[in-house]
There are 2 protein chains.
Amino acid sequence: MAEAAQTISDHIHKMLDDLTRAERQLALSVLENYPASGLGPLTALAKDADVSVPTVARMVQKLGYKGYPEFQAALREELKAKVKTPIAKHDTWAEAAPSGHILNRFTEAVIENIRLTLGQIDPTAFDHACDLIADVDRHLFIVGGRITHTLAEYLFLHMQVVRPHVTHVQSTSNTWPHYLLNAKEGDVFVIFDVRRYENNTLKLAELAHERGAKIILITDQWRSPVHQLATVCLSNRIVVPSAWDSATTTMLLLETMISSVQTLNWTQTKARIEGLEDMFDQTKLFRKFT
Amino acid sequence: MAEAAQTISDHIHKMLDDLTRAERQLALSVLENYPASGLGPLTALAKDADVSVPTVARMVQKLGYKGYPEFQAALREELKAKVKTPIAKHDTWAEAAPSGHILNRFTEAVIENIRLTLGQIDPTAFDHACDLIADVDRHLFIVGGRITHTLAEYLFLHMQVVRPHVTHVQSTSNTWPHYLLNAKEGDVFVIFDVRRYENNTLKLAELAHERGAKIILITDQWRSPVHQLATVCLSNRIVVPSAWDSATTTMLLLETMISSVQTLNWTQTKARIEGLEDMFDQTKLFRKFT
DNA sequence: ATTGATGTGTGATAAATGTTTCACAATTGT
DNA sequence: ACAATTGTGAAACATTTATCACACATCAAT
């Protein structure tokens, strides 16, 4: 086997001197568009480098691999590792804890979730969702399920500050049909639904959709069935080393959305926040600092 | 052939709706380790995604390729092109969005918060907190404030599954003195308090402390005044480009704690989760999948 | 120039591996 | 109970890989 510590391309560079002319020509061709060319069939590589098939086979073994497939596997491994951003393979996050400690394992998983979630998000769709939520001419309904209702409430709390006409609906409660009576065309529903997807939520979404409301769905990577009715669907990776799924990534997306909406409605928000601050000062519910 | 203008991963995303369950599962797995996993043998991919070999063959054709090798060739082409473009611009999280987009700015700030928070955490204190929370001989009180009560509730929801004797107290409500009557020496209070720190929360903490209860405080980097009474104090960075503070880091810490407690009480938790699943199945409130 | 050692390409081929497809059973949701 | 989806096992098929023998080229040393 080849050494582990370094990349394969480094390894090839080091070996360059020990290679013969044709082999060197081949090696340089591999490095030319690395690593793509090494991932194709041996024959193609040989033709590409303008060397013969046995030369490839010989060189690969000279590099220390048992065969071409093993070489390819190594390249794939390296590629896999490379795609993860440098920050993601920060092996220990809690430096004082061993790398196997749950603090590090969990954090690593969440960072990976964030990377994958953000990597696949469509900024246009995201912006569109924010525009809809920021539009005060539309009534805003926020719908959460059994677990997600905490996230829904978090959004609700902030939207209350940013704009009027916000309603928090719990899909698990019996009261939601009443809210729906008030929903009219063009209104916006932000619906949270992660596995296990809730039948109530789906029904609510269907009714909302029938009434011509826009639906913004916040779900997981497997996507709630609601997504077929949704104007915008934002999906999150939620898998972590735990018996439950993680809401952290969703929280991040949510807060980003809040921040964005807040900016869109800034003049309104500013006035409302100041009003709130005054009230806090008067009620002395909060302390100013420390 | 697949369209050229976009990346294959985009294309897969677009097709997600037209795919069946197993195919979607496979597609998501391909995106998980993109593009490395798609460059290995078909058999390996199938095993990786936990689907059958024919499923892979079917999906690849559904995506518009003549066969798996053609699909691989397309992936290689894309990889080749990607490496060529000016220095990997992987400093952005949402690749499709400009680096100044709120999605990237916000995420970057949160990652930095996580890094700083985890970097300064004391694993021993953390473990101690988890032990206290997992101890079923102690009654567990969970206390949240105006904003943080959503986090408190999130913890409460999970602790309800993991163990008995859990109470959720809202410091802003008028009912909390009643709960306190039941608190006895050795009981545990998990208290959330971030700026602006709430007077009610502090009073509640004082009373709990007088009664000999242990206090686990979850706060921000400036630390709530409650920390003088706390047995364990976990502080989080919460600053983001927004008018409000971020709860994402706190959520991460919370979920890590939940995961850890869950492991400590695993035999109990397992039985309780299974009971819960049965109940869900019976009430048909939730759908099994997709 | 001749020699011999080394490296390289050719073409063929056997073996291995990977791919595609089939019929059928099992499962799942409607 | 029906239709759609999926997995199983197997077989047929295609491709790829690893080698071989051999011819040819190169080059350094005699």
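First the proteins, then the strands, lettered A, B, ... as listed; each starts at 1. In this text the structure is predicted, and so the values were computed from the model without any measurement.
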Tell me, please, which residues at least two apart from [X] pass side-chain contact (heavy atoms from CB on, under 4.5 Å).
X: Asn265(B); result: Ala134(B), Val136(B), Val162(B), Arg163(B), Gln268(B), Thr269(B)
X: Leu79(A); result: Pro35(A), Leu39(A), Val83(A), Pro35(B), Ala36(B), Leu39(B), Leu79(B)
X: Asp50(B); result: Gln25(B)
X: Ile12(A); result: Ile8(A), Leu16(A), Ala27(A), Val30(A), Leu31(A), Leu63(A)

Angle, rounded to 10°, between the helical axes spanning five pairs at each terminus of the helix from dA1(C)-dT30(D) to dT30(C)-dA1(D)? 40°
May I have the distance from [X] (atom [atom1]) to [N] (atom [atom2]), rounded to whole angstrom?
X: Lys66(A); N: dT17(C); atom1: NZ; atom2: C1'; answer: 14 Å
X: Met59(B); N: dT20(C); atom1: CE; atom2: C1'; answer: 15 Å
X: Tyr68(B); N: dG18(C); atom1: OH; atom2: C1'; answer: 10 Å

Among residues 17-30 of chain A, which ones have heavy-atom contacts with DNA chain C below 4.0 Å? Thr20(A), Arg21(A), Ala22(A)
Tell me which residues in residues 44-53 of chain B put a heavy atom below 4.0 Å from DNA chain C, sorted by number, or none. Val53(B)
Can you name the ring-ring contact (aromatic ring centres under 6.0 Å, His included) partners of [X], sequence neighbours left out?
X: Phe141(A); result: His139(A), Phe189(A)
X: His158(B); result: Trp244(A), Tyr154(B)
X: His168(A); result: Phe156(A)

Do Ile218(A) and Leu254(A) come close enough that some side-chain heavy atom pair is under 4.5 Å? yes
Students should find this one: the first and last nucleotides of DNA chain D, 5' to 3', lying under 4.0 Å from a heavy atom of chain A. What are they? dT16(D) to dC20(D)
Just by distance, no angles: are the side chains of Thr55(B) and Ser52(B) close enough, under 3.5 Å, to form a donor-acceptor pair? yes
Examine the side chains of His227(A) and Asp17(B) and answer whether a donor and an acceptor come within less than 3.5 Å of each other. yes
Closest approach of Tyr65(A) and Ala74(A), non-hydrogen atoms and distance? CE2-CB, 3.9 Å
Check the surroundings of atom NZ in Lys47(B): do more than 12 heavy atoms from other residues, nucleotides or ligands lie under 6.0 Å from it? no
For dT21(C), does either OP1 or OP2 sit under 4.0 Å from a side-chain N or O belonging to Gln61(B)? yes
Taking any heavy-atom pair under 4.0 Å as a contact, classify Pro69(A): base, sugar-phosphate, or nothing. sugar-phosphate
Sequence neighbours excluded and cut-off under 3.5 Å, please list the side-chain donor-acceptor pairs for residues 230-241 of chain A, or say none.
residue: Thr231(A); atom: OG1; partner: Ile215(A); partner atom: N; Å: 3.4
residue: Ser235(A); atom: OG; partner: Gln120(A); partner atom: NE2; Å: 3.1
residue: Asn236(A); atom: ND2; partner: Thr219(A); partner atom: O; Å: 3.1
residue: Arg237(A); atom: NH1; partner: Glu32(B); partner atom: OE1; Å: 2.4

Please tell me which of Arg58(B) and Gly67(B) maps to the more 5' nucleotide of DNA chain C, matching each residue to the nucleotide holding its nearest heavy atom. Gly67(B)
